[in-house]
Asks: 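Quick one: this structure, given as structure tokens, is what I'll be asking you about.
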Amino acid sequence: MVVLMNKMSKNEPKNKDVGNPKDTSTVQDDITHDAIYVRDLVKKYDDFQALSGLNLTVKKGEIYGLLGPNGAGKTTAVKIFCGLVKKTSGFAKVLGKEVPSEDIRPLIGYMPQETAIYQDLTVHENIELFGRLYNLDMNTILKREKELLDFISLSKWRDSAVWTLSGGMKHRVSLACAMIHSPELLILDEPTVGVDPQLRAIFWDYFKKIVSKGKTILITTHYMDEAFNCTRVGLMRLGKLIAEGTPEEIVSKTNTRNLEDAFLKLAKEVEVWEE
Amino acid sequence: MGRMNRMRVGAYRAFSISTKVFRTLRHDKRTLALMLVAPLVMMSIFSLAFAGEVEHVKVVVVNLDKGITFPNDTHLSISDSIISHLDKEKLEITFEKSISKGEEEVKEGRAWGVIIFPENFTYAVLQNVQMKGNSSNSSNSSNHTDSANSTLTIKVDNSNTNIGNTIYKEVSDAVLDALKDTGRDMPLEIDTSKPIYGKNNRFIDSFAPGIITFMIWLLTTLLTLLAFVGERTSGTLDRLLASPIKEWEIVLGYAFAFGIMGCVQSGLLITFGVIVFGISIVGNVILAFFVAVLLALVSVNLGILLSSAAKNEAQAVQFIPMIIAPAFLLAGIFWPIEAIPELIRPVSYIIPPTYAVEAMRSVMVRGWGLDKIWKDLLILSFFAILLLIGSVQSLKRRRA
């Protein structure tokens, strides 16, 4: 089912109390099955509104693609889920706990948009550090590391300093660091930037393998063509979703050929509606 | 999870941060060199250049005094005696015949001072000594009864007060020595040969504790500041904060690593100072290390706290004068706090290096123990805890 968010809010008046944690019992059943459950999420910076009432549900065991142009609010949303940014208002539950929560940190793997690994350390030292932060013992770290290095095809570079690697390689190391502790929920902010098409395909295969084991992945990207690999996608614009559904649904519903065209069409519709 | 287990996990994570800091240093040879070699270079430069011992100061002596010849043909010239007692290492003496020529040398910048002995100086001095012994108000009458002048005039180029003071002191010392040589009883004597602390101390001995303090303060604060601004801008801090690690574990992990580095730095500086510059350490070296570690902890937390106010490395660099200037000027490292105008002296008492250098100097030069420097250590600990709380809070603000 494709839900066009603005239309939904027009047709069925939103239950304002949904954002109140006291009333979450009514949606409790949904939440236990949802990796991420977000209602009316608002984030205001001093003079800029990054999120203006985001509604979003990521089901357990799916790859959810959060799509949208730069500045749509994808990274802000992701940072709120990871407990790095305080929400201004609204309601956000991740893995059954309202964020920010200490309890869910060990269950999330986060790969920021920036490469965000230590340039002076070797690939192994980076992976080991993040393994230790998640309280893994050395044996587990080494076992997981071998697996991950095979996946990102960097086994040969295990003991090279990160700064000697290319941009794409660094990105892969960053991904490995986010996955070292086999997290329940993997949040990847633009993971495929600077990754060549061949490796990108390998990435997606691996992501599908992970979710087949019951894990959940939230990916942000502004490459619309990649989104066909996602179980479901949400199109974001100006801090809220304008559409949500499987890629095929969105394309067919909008009568377009691809997600990019679908997005442009939807964005135009929203503008008309707003006027 | 039990309390013990939580602490074990916390320590494990904090230690992994320390390991990270050490590994970074191992790979980043330039920073490692900065931490280990720069203090030694600084110590050498300061010790050699700033050694405080003013030497080879050019002075002109104009001696118009002829001395006196006693009936038994013995000749006495107090001026010659004074000149012979001048320390030739410190003062480089040339002679001029007239006062105007002597002054000319100073005016033209060829000498730092002119020392003038008037005519009949010896005679006037002897007469003064005798008269003073006989009558209580003789000083006036002696000048009246005789035109002889016992005033030794020193005219210096006081554009460098350090040099001016050296000339004054050297001449005064020589005068006292010369008078002793005349064999007459001096009405009083000053004995400075038995200091309570710092016997045979040279400038470098009292300077070494200062340089150790300064280098640890500067390098630790600077490197944590830059490291943390790097953590913030590269996204690694976000990544750390998205993990289960607690803010204080990050801070303690850094503090532990830099505390050890502080120990290594002081060890190197002390060893280097003893071997190369022959500095003497009277007190307990372990206690000196302890002061160094405490200061490193203060500096680490200050660095982290400051990093929260900097958006990037360029902004962080702007903090450097703020780190250097107060410590350099006001902490009593290069000149005593007593020499700092009273108006700004309160600032000296609110900056940590003041207490670190005081404690370090007390241990190394005075040989004081814990029983005497505990106050300084207490205040340093207070700073460390205060800044620790501040830096943990600054990280908590970063997390949602």
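Lettering of chains follows the sequences in order, A, B, ..., and the numbering in each one begins at 1.
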Asks: Decide salt bridge (Lys or Arg N to Asp or Glu O under 4.0 Å) for Glu128(A) and Arg23(B); before the verdict, give the C-alpha distance in whole Å, the side-chain angles of both, and the deciding distance to 0.1 Å.
Replies: CA-CA 12 Å; Glu128(A) 186 196 320; Arg23(B) 283 178 167 169; 3.2 Å; yes

Asks: Which atoms of Glu231(B) come close to chain A, meaning under 4.5 Å heavy atom to heavy atom: side chain ones, backbone ones, both, or neither?
Replies: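 Side chain of Glu231(B) only, per the 4.5 Å heavy-atom cut-off to chain A.
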
Asks: Take a 6.0 Å sphere around CZ of Arg397(B) and say whether it holds more than 12 heavy atoms from other residues, nucleotides or ligands.
Replies: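 Counting other residues, nucleotides and ligands, CZ of Arg397(B) stays at 12 neighbours or fewer.
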
Asks: Let's go through Ser174(A) and Arg239(B) carefully: what are the C-alpha distance in whole Å and the side-chain angles of both, what is the deciding distance for side-chain contact (heavy atoms from CB on, under 4.5 Å) to 0.1 Å, and is it a yes or a no?
Replies: CA-CA 10 Å; Ser174(A) 175; Arg239(B) 197 161 206 162; 2.8 Å; yes

Asks: Heavy-atom distance under 4.5 Å to chain B: side chain of Lys87(A), backbone, both or neither?
Replies: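 Neither part, no heavy atoms under 4.5 Å.
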
Asks: Testing the basics here: between Lys79(A) and Asp238(B), what is the closest heavy-atom pair and its distance to 0.1 Å?
Replies: NZ-OD2, 3.0 Å

Asks: What are the two closest heavy atoms between Tyr12(B) and Asn135(A), and how far apart are they?
Replies: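 Here Tyr12(B) and Asn135(A) meet closest at CD2-OD1, 3.5 Å.
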
Asks: I'd like to know whether Thr31(B) forms a side-chain contact (heavy atoms from CB on, under 4.5 Å) with Asp120(A), so could you lay out the CA-CA distance, the side-chain angles of the two residues, the decisive distance to 0.1 Å, and finally the verdict.
Replies: CA-CA 11 Å; Thr31(B) 303; Asp120(A) 287 318; over 6 Å; no

Asks: Would you mind checking which part of Glu125(A) comes under 4.5 Å of any heavy atom in chain B, side chain (CB onward), backbone (N, CA, C, O), both or neither?
Replies: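 Both backbone and side chain.
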
Asks: Using heavy-atom distances under 4.5 Å, tell me whether Leu121(A) contacts chain B through its side chain, its backbone, both, or neither.
Replies: both

Asks: Start with the C-alpha distance between Thr122(A) and His27(B), add both sets of side-chain angles, then the distance that settles side-chain contact (heavy atoms from CB on, under 4.5 Å), and finish with yes or no.
Replies: CA-CA 9 Å; Thr122(A) 64; His27(B) 293 298; 3.9 Å; yes

Asks: Based on non-hydrogen pairs under 4.5 Å, which of Pro183(A), Pro106(A), Gly109(A) is most in contact with chain B?
Replies: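 Among the listed options, the one with the most contacts to chain B is Pro106(A).
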
Asks: Could you check Ser243(B) against Tyr134(A) for side-chain contact (heavy atoms from CB on, under 4.5 Å), going step by step and ending with a plain yes or no?
Replies: CA-CA 7 Å; Ser243(B) 86; Tyr134(A) 289 90; 3.5 Å; yes

Asks: Can you say whether Arg399(B) sits under 4.5 Å from chain A via the side chain, the backbone, both, or neither, judging by heavy atoms?
Replies: both

Asks: Over all heavy atoms of both residues, which pair between Gly235(B) and Pro112(A) is shortest? Give the atoms and the distance, please.
Replies: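 So the minimum-distance heavy-atom pair works out to O-CG, 4.2 Å.
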
Asks: Could you tell me which of Gln119(A), His181(A), Lys86(A) has the largest number of non-hydrogen atom pairs under 4.5 Å with chain B?
Replies: Lys86(A)

